[in-house]
**Q** 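Pasting in a structure now, in structure tokens, and then I'll have a few things to ask.
These numbers come from the heavy atoms of this one structure, side chains and all, not from hydrogens, waters or symmetry mates. Counting convention: from 1, in listed order, for ligands and their atoms alike. Note that the structure is a prediction, hence the values are computed from the model and not measured.
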Amino acid sequence: MTIKQALSRARETLAANHIEDPSLESELLLRHALGISRVQLYLELEHELSPEQSQQFRRLIKRRLNHEPTAYITGHREFYGLDFLVSPDVLIPRPETELLVEKAIRLAQNQTVSTIAEVGTGSGAIAISLALSLPRVKIYATDISHAALTVAQNNCQKHCVTSRVHLLAGDLLEPLPEPVDLIIANLPYVSESALPQLNIVNFEPALALNGGSDGLEKIRRLCARVSSKLNPGGCLLLEIGQGQSKAVTALCRSLFLLAEVAVSPDLSGIDRVVSLTPASPVADKV
Ligand code: GLN
């Protein structure tokens with residue numbers, strides 16, 4: 001069987017089993033099975049697979065049919081145009097989270113941002129994307145999971161930002177040594193009752209998804225602690241889930257009088273990022 005035939009068969013099998021993006025997924029899995037780049041794959045479409053290679057590819061497709069995410073099978077995921085290492089210890093970075101990164105970069109271009117804290121960094125994808133786009137900014141990235149921090153550390157090394165991304169173990173903002181100009185977080189926001197509906201939950205760490213009974217427990221805890229860790233004029237950027245914008249903006253307004261609160265939709269039109277700029281001085285918290 002040639003590469004071309006193997007790809008087309010895999011695409012059909014994945015599509016028949018309702019796996020999204022069957023073309024991309026079969027390509028990623030075949031490249032992983034053969035250990036080749038995208039260019040090589042397309043240059044060698046007529047190349048015959050060895051029996052071992054075919055078997056290895058079939059094994060990977062079987063894992064995918066069992067709903068194991070491709071990113072965990074290959075150990076990689078692209079985010080913000082960069083390649084990140086991932087493992088089942090971390091959430092797989094989502095395309096919609098790129099909006100959070102874009103918002104942070106725009107903010108840093110319009111006002112002075114010297115320090116950023118990313119809370120719940122997981123693979124480190126957000127913190128590292130920011131470090132690469134904002135070379136003069138010092139970044140702290142916290143996570144309560146030591147296993148996740150190991151993945152983040154590997155990604156910092158891969159992207160040569162170990163001296164600018166300071167990984168800190170601990171709960172939310174607790175390990176932060178100083179107040180910062182921007183706090184950014186994609187915290188777990190899936191409600192406990194919705195977790196079983198995510199078939200990915202068998203593979204992704206519940207710790208990174210579970211936002212408690214209404215999904216907002218972690219967001220609520222973070223918002224309540226923000227004022228002591230944000231410099232005057234600083235800003236908080238939060239990723240939220242579908243249908244959560246009303247509750248989160250109301251929460252922000254109740255905690256921060258006269259704050260500027262804004263919501264931005266992602267490419268699918270779902271309210272995805274809440275930004276909060278407390279009125280200066282930060283001490284206006286009630
Ligand atoms: N966006 C993720 C999902 O839909 C959830 C990520 C999170 O909880 N922060 O599965």
Side-chain angles (χ1 to χ4, degrees), residues 18-21 25 64 67-73 77-80 84 86-104 116-130 141-145 147-149 151-152 155 171-173 182-223 225-226 236-249 251-252 263-276:
H18 313 291
I19 304 283
E20 266 182 56
D21 277 336
E25 300 250 323
R64 186 66 193 101
H67 297 290
E68 186 172 351
T70 294
Y72 289 157
I73 300 174
R77 174 67 168 214
E78 194 202 300
F79 177 81
Y80 209 68
F84 288 98
V86 292
S87 81
D89 290 319
V90 298
L91 191 79
I92 299 165
R94 309 283 204 270
E96 59 268 27
T97 302
E98 292 179 357
L99 179 65
L100 200 60
V101 174
E102 278 164 18
K103 287 267 156 203
I116 297 177
E118 195 216 341
V119 182
T121 193
S123 65
I126 296 173
I128 293 167
S129 302
L130 290 175
T142 77
D143 208 292
I144 201 163
S145 157
L149 286 173
V151 177
N155 277 316
D171 186 36
L172 300 176
L173 293 163
L182 171 63
I183 295 173
I184 183 166
N186 174 18
L187 291 175
Y189 54 64
V190 179
S191 68
E192 239 154 31
S193 57
L195 274 181
Q197 289 159 27
L198 294 177
N199 53 20
I200 46 168
V201 92
N202 296 329
F203 295 92
E204 288 194 293
L207 186 65
L209 290 164
N210 189 345
S213 57
D214 65 350
L216 298 177
E217 279 177 16
K218 305 247 166 55
I219 288 180
R220 218 175 275 121
R221 277 212 296 127
L222 175 68
C223 288
R225 286 162 176 74
V226 152
L236 168 70
L237 286 176
L238 286 176
E239 178 171 319
I240 56 166
Q242 189 162 16
Q244 293 178 334
S245 71
K246 262 196 190 149
V248 175
T249 50
L251 169 72
C252 291
V263 182
S264 310
D266 63 19
L267 292 174
S268 316
I270 296 168
D271 283 345
R272 188 58 69 188
V273 173
V274 171
S275 66
L276 165 84

**Q** Please indicate whether any nitrogen or oxygen in R272 is less than 3.5 Å from any nitrogen or oxygen in ligand 1.
**A** no
**Q** I need the minimum non-hydrogen distance between F84 and G124, along with the two atoms involved.
**A** CE2-O, 4.4 Å
**Q** Could you tell me if any non-hydrogen atom of G215 lies under 4.0 Å from any atom of ligand 1?
**A** no
**Q** Give the contacting part of L187 toward ligand 1: side chain, backbone, both or neither, where contact means a heavy-atom distance below 4.0 Å.
**A** backbone
**Q** I'd like to know if R272 and E102 make a salt bridge, using a cut-off of under 4.0 Å between side-chain N and carboxylate O.
**A** no
**Q** Which pair of non-hydrogen atoms, one from L99 and one from S264, has the smallest distance, and what is that distance?
**A** CD2-O, 3.9 Å
**Q** With R220, which residues qualify under salt bridge (Lys or Arg N to Asp or Glu O under 4.0 Å), at least two apart?
**A** D214
